[in-house]
Amino acid sequence: MAKENQNQQAGAPNSERKTLDDRAKMTELERIRHSCAHVMATAILRLWPDAQFAYGPPVENGYYYDLECSHRISPEDFAAIEAEMKKEIKANNPLEKIVVTREQAIADAQSGRLGGLAERPGHASKFKLDLLKQIPEGEAISYYKNGDFIDLCAGPHVMRTGNVGAFKLTSVAAAYYKGDEKGPQLQRIYGTAFKNKTAMEEYFTMIEEAKRRDHRKIGTEMGLFAIDTEFVGPGMPLWLPKGTMIVEELEKLAKETEFAAGYLRVRTPHLAREKMYKTSGHLPYYAESMFPPMSLALDDKQVAELDRKIGELKKTLGELDADITNIQEKEKAVGGVEEDEEGLGEGEFREDKLRRELASLTAAREHGDRYYLKAMNCPHHHRIFAAEPKSYRDLPLRLAEYGTCYRYEQSGELFGLMRVRALNMNDAHIYCTEEQFAEEFRAVNDMYLKYFKIFGLEKYQMRFSTHAAEGLGKKYVNEPELWKKTEDMVRKVLIDSGINFVEVANEAAFYGPKIDVQVWSAIGREFTIATNQVDFAVPAKFGLTYRDKDNANKTPLCIHRAPLGTHERFIGFLIEHYAGNFPLWLAPDQVRVITLNDDPALIEYAKPIVAELRANMVRVDADYSATPFKAKISNAEQLRVHTMLVIGGRDMEAGAVSVRLHHGGPQGAKPKAEVIADILAKIKERRA
RNA sequence: GCCAGUUUAGCUCAGUGGUAGAGCAACGGUUUUGUAAACCGUCGGUCGUCGGUUCAAAUCCGACAACUGGCUCCA
């Protein structure tokens with residue numbers, strides 16, 4: 001059974017209602033699919049009349065319809081549903097548009113007629129009632145009717161059900177009503193439809209081909225990585241020797257590129273104390289995405305010391321309480337509050353601070369010293385910034401590290417190498433002044449583009465994520481002016497450098513706007529492969545400052561950037577991008593020398609070639625075995641060895657080797673020195 | 001975390017109530033070959049885990065785990 005995901009971008013339609021204008025733009029294929037959703041609803045109602053329908057839009061590769069139903073629909077039911085659908089299509093009923101008044105629509109929804117085959121007394125069309133509320137006053141309300149099925153729908157549709165030329169139900173999933181995790185959970189049935197059978201067959205063939213380049217499949221075939229859920233844990237890939245070769249090539253590329261761009265490399269531990277993440281603001285808001293802390297037990301001496309401090313604090317607080325009471329009483333006596341307001345304020349401020357300290361000490365007394373696995377590298381880098389006093393002369397300061405982070409992603413979110421719990425990030429933080437910001441930000445974008453050129457990455461989208469005013473103080477730090485200012489700066493950089501981008505509101509990081517580079521996996525899932533973020537909030541929380549020309553301490557801006565994302569996701573993506581056929585510089589098996597047979601003379605001729613390549617750090621091996629020659633070629637091909645150097649009697653006599661490329665077949669015999677020089681140049685230049 | 005499905009040898013998969021099979025890989029032989037697969041043999045599985053039903057369970061039922069497709073999430 002085909003079970004594809006045709007709805008990778010399906011999340012959005014629920015939250016944002018399509019305007020009538022958008023609807024008018026629907027392509028013919030979208031109309032077919034939208035109509036097919038109605039046909040499917042008709043069929044489901046014939047089988048289970050109590051079904052209540054919510055949304056049923058077309059999506060990228062098909063359509064879905066969300067419904068609530070006493071029967072739990074499983075793929076086993078698909079045949080029965082499809083049979084009913086076939087009947088409805090064969091009946092070739094017209095899809096009639098009926099315009100009604102709001103009152104009429106509400107009455108029909110209350111009677112259960114909407115999204116039904118007939119009135120269903122006592123079972124109002126509850127989702128349709130809710131949808132009606134979302135239709136703005138003054139906008140026309142329309143139904144579409146095919147056979148007995150009437151649905152609240154703005155269309156557009158194809159003329160008749162018979163216009164649905166080919167269709168197939170593909171999968172069933174749970175979906176939250178309006179995408180709200182706390183809202184009711186509906187059954188979502190996915191299907192796809194096409195103008196005709198041929199188009200549908202082409203689609204499914206394409207899906208099958210895409211599955212062949214799935215990084216999980218190729219990763220196993222090529223021995224790149226393994227995920228040992230039993231002993232290591234889900235989402236924690238083990239890099240096998242061949243995968244590690246790719247990892248190290250990428251790191252080498254990053255090191256060279258960053259060195260040239262003036263970055264400084266640093267290294268940081270994988271753990272930090274609780275205070276780090278309380279200060280950064282990641283705790284408690286992101287605690288869910290972090291592995292739970294490990295607590296170190298306290299020894300008797302430490303307990304005694306804590307007890308002493310707690311006692312002292314309590315005593316101070318007691319005295320402070322008394323002071324404040326005194327002040328308040330004095331105020332009452334004097335009758336004037338204004339003059340003394342400041343004094344009182346300070347006292348309260350001090351009390352607040354002491355109470356927080358007391359809470360923290362009491363907590364430490366209870367659970368000992370807490371350490372967290374880092375979920376991000378920024379706080380560590382901030383502490384590196386803080387480790388030595390900084391002057392404006394030190395800026396921009398670019399700290400780079402391939403940092404290992406751990407994130408406790410929900411079990412259902414894990415996905416091969418693309419979404420993991422242990423990750424190696426191509427991270428760097430650039431500390432700069434406001435004046436330096438635009439140029440630094442642009443330089444980072446240029447670095448992205450340079451990388452994408454090396455990898456021949458053409459299909460990507462730059463997404464500029466901004467904040468949303470309603471999230472201020474909740475999802476986003478409450479600095480409206482700074483948000484506006486930094487967003488304007490970023491937007492200007494993007495426009496000035498002529499970069500194509502889409503702007504998305506309410507997707508920013510909590511500390512600032514960002515640019516993500518979106519790519520699509522072989523099976524169509526969307527991923528952020530690289531990121532470039534502005535941070536105007538966290539450096540201040542850590543009290544990071546530099547001494548400026550005017551001898552004043554100022555807080556730097558921080559740019560978080562990861563052009564190569566994480567090794568996990570980037571390599572996962574590259575596997576699919578190249579379908580496992582890596583360019584020479586990245587290929588785990590770069591060269592294999594294959595002798596025609598195990599004739600000692602041939603082997604003696606081959607050995608120095610292998611030795612010379614190895615001496616030049618080329619990943620080369622040799623097959624001198626007596627295995628039939630064709631089989632030796634086949635073995636190397638299956639392993640995806642990039643370059644095969646074939647050596648037979650003819651080559652030996654001519655001082656040549658015969659070159660065969662995994663992606664290109666036999667290239668003929670060439671002088672061996674030329675072949676070696678070629679290989680070395682190709683690797684050095686990272687030629688595609 | 002939620003819904004549905006899946007889980008049999010290193011890999012790809014067959015096996016629907018009578019105590020486990022194939023191909024490839026691996027290993028040992030034989031084979032001496034000019035660009036994708038020579039032949040013979042051997043090894044390899046507590047059928048995801050735990051529990052239940054049964055004279056008998058890979059097979060039926062339940063719980064748990066992992067994976068897959070979606071949903072939600074993604075600093």
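Within every chain, numbering begins at 1; the chains are lettered A, B, ... in the order of the sequence lines, protein sequences first and strands thereafter. Excluded from the calculations below are hydrogen atoms, water molecules and symmetry mates; all remaining heavy atoms, backbone and side chain alike, are included.
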Inspect the contact between [Y] and [X] and indicate whether a charged nitrogen and a carboxylate oxygen are less than 4.0 angstrom apart.
X        : Y        : answer
A/Glu413 : A/Arg419 : yes
A/Arg640 : A/Asp589 : no
A/Lys126 : A/Glu68  : yes

Quantified in whole Å, what is the [atom1] atom distance between nucleotide [N] and nucleotide [M]?
N     : M     : atom1 : answer
B/U72 : B/U12 : P     : 30 Å
B/C47 : B/G15 : C1'   : 11 Å
B/G18 : B/C24 : P     : 29 Å
B/G41 : B/G23 : P     : 10 Å
B/U30 : B/U16 : C1'   : 43 Å
B/G5  : B/A9  : C1'   : 24 Å

(request) Could you check if a side-chain atom of A/Phe291 sits within less than 4.5 angstrom of a side-chain atom of A/Arg421, using non-hydrogen atoms only? (result)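 In contact.
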For [N], which nucleotide is its Watson-Crick or G-U wobble mate, given both distances must be under 3.5 Å?
N     : result
B/U7  : B/A65
B/C13 : B/G21
B/A57 : none
B/U32 : none
B/C47 : none
B/C2  : B/G70

Would the base of [N] count as contacting [X] through its side chain, where contact means a donor and an acceptor less than 3.5 Å apart?
X        : N     : answer
A/Arg569 : B/C74 : no
A/Arg188 : B/C3  : no
A/Ser74  : B/A4  : no
A/Tyr176 : B/G1  : yes

(message) How many whole angstroms separate atom CD of A/Glu507 from atom P of B/U72?
(response)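 That distance rounds to 12 Å.
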(request) State whether the side chain of A/Lys632 and the backbone N or O of A/Asp623 hold a donor-acceptor pair below 3.5 Å, judged by distance alone. (result)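 Here the side-chain-to-backbone pair exists.
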(request) Indicate the ring-plane relationship of A/Phe127 and A/Tyr177, choosing parallel, tilted or perpendicular according to the 30° and 60° boundaries. (result)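 Tilted.
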(request) Measure the spacing between CD of A/Gln533 and OG1 of A/Thr531 and express it to the nearest 0.5 Å. (result)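 OG1 of A/Thr531 is found 3.5 Å from CD of A/Gln533.
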With a 4.0 Å cut-off on heavy atoms, is [X] in touch with a base, just the backbone sugar-phosphate, or nothing at all?
X        : value
A/Lys514 : sugar-phosphate
A/Ala375 : base
A/Thr229 : sugar-phosphate

(message) Determine whether the aromatic ring of A/Tyr511 stacks with the base of B/A75, defined as ring centroids separated by less than 5.5 Å and ring planes inclined by less than 30°.
(response)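 Here the ring of A/Tyr511 and the base of B/A75 are not stacked, as the 5.5 Å and 30° limits are not both satisfied.
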(message) Protein within reach of the bases, or only the backbone? For nucleotides 28-42 of chain B, mark each nucleotide 5' to 3' as B, S or -, using heavy atoms under 4.0 Å.
(response) ---BBBBBBBB----
(message) Using OP1 and OP2 only, check whether a side-chain N or O of A/Arg407 sits under 4.0 Å from B/A75.
(response)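 Answer no for this pair, as no side-chain N or O of A/Arg407 is under 4.0 Å from OP1 or OP2.
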(request) Quick one: closest heavy-atom pair of A/Val172 and A/Ser74, and the distance? (result)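 Closest pair (atom of A/Val172, atom of A/Ser74, distance): CG1-CA, 4.4 Å.
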